[in-house]
Amino acid sequence: MLTAEDLILHFATDGIYWTDDVGGHWARLPIPGTAYYPRAVQLADGTIVCIGHVGSDDVYGTVDQSIRQQTFRLKVTREEEGEGSP
């Protein structure tokens with residue numbers, strides 16, 4: 001997902017990762033990973049909403065499942081060029 005802050009986010013069950021160099025380097029955000037098959041959108045106010053489900057690829061209603069929502073905002077601080085990497 002491309003954010004308004006010019007970051008690309010990758011959403012996964014093991015974490016949410018970001019890059020600002022088109023995938024050359026990735027870093028993990030300090031928040032929990034997402035539920036299964038996540039879908040995300042960034043709202044006009046900057047909030048990122050991610051929806052996924054708990055369960056597997058089972059037919060709905062055959063096992064205990066739930067839909068989960070995760071919301072967060074990014075706070076980006078950029079280092080001056082030449083002072084290190086993101």
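In what follows, every heavy atom counts, from backbone to side chain, and hydrogens, waters and symmetry copies are set aside.
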With a 4.5 Å limit on heavy-atom distance, are the side chains of [X] and [Y] in contact?
X: Gln70; Y: Thr34; answer: yes
X: Leu9; Y: Thr3; answer: yes
X: Phe72; Y: Leu29; answer: yes
X: Asp6; Y: Asp20; answer: no
X: Asp57; Y: Tyr37; answer: yes

*Are Ile51 and Phe11 connected in the hydrophobic side-chain network, where two residues link if heavy atoms are under 4.5 Å apart?*
no
_Cluster link Leu7 to Ile31, ILVMFWY, side chain under 4.5 Å_ = yes
_Distance check, rounded to the nearest 0.5 Å: Tyr36 atom OH versus Thr13 atom OG1?_
8.5 Å
_Nearest 0.5 angstrom please: His53 NE2 to Ile67 CD1, how far?_
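Here the interatomic distance stands at 7.0 Å.
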*Ignoring hydrogens and geometry, is there a side-chain-to-backbone donor-acceptor pair from Thr19 to Ile8 under 3.5 Å?*
no
*Under 3.5 Å, is there a donor-acceptor pair between the side chain of Gln42 and the main chain of Ala4?*
yes
Heavy-atom pair of closest approach, residues [X] and [Y]:
X: Gly55; Y: Gln65; answer: CA-CG, 4.2 Å
X: Cys50; Y: Pro38; answer: SG-CB, 3.6 Å
X: Val41; Y: Met1; answer: C-CE, 3.8 Å

_Could you check whether atom CZ of Arg28 has more than 12 heavy atoms from other residues, nucleotides or ligands sitting under 6.0 Å from it?_
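Yes, because the 6.0 Å sphere around CZ of Arg28 holds more than 12 heavy atoms from other groups.
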*Look at atom CG of Asp64 and say whether more than 12 heavy atoms of other residues, nucleotides or ligands are closer to it than 6.0 Å.*
no
_Derivation and outcome, side-chain contact (heavy atoms from CB on, under 4.5 Å), residues Gln69 and Val49_ = CA-CA 7 Å; Gln69 174 180 307; Val49 179; 4.0 Å; yes
_Sidechain N-carboxylate O distance under 4.0 Å for Asp45, Arg73_ =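 So Asp45 pairs with Arg73 through a salt bridge.
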*How are the rings of His10 and Trp26 set to each other: parallel, tilted or perpendicular (split at 30° and 60°)?*
perpendicular
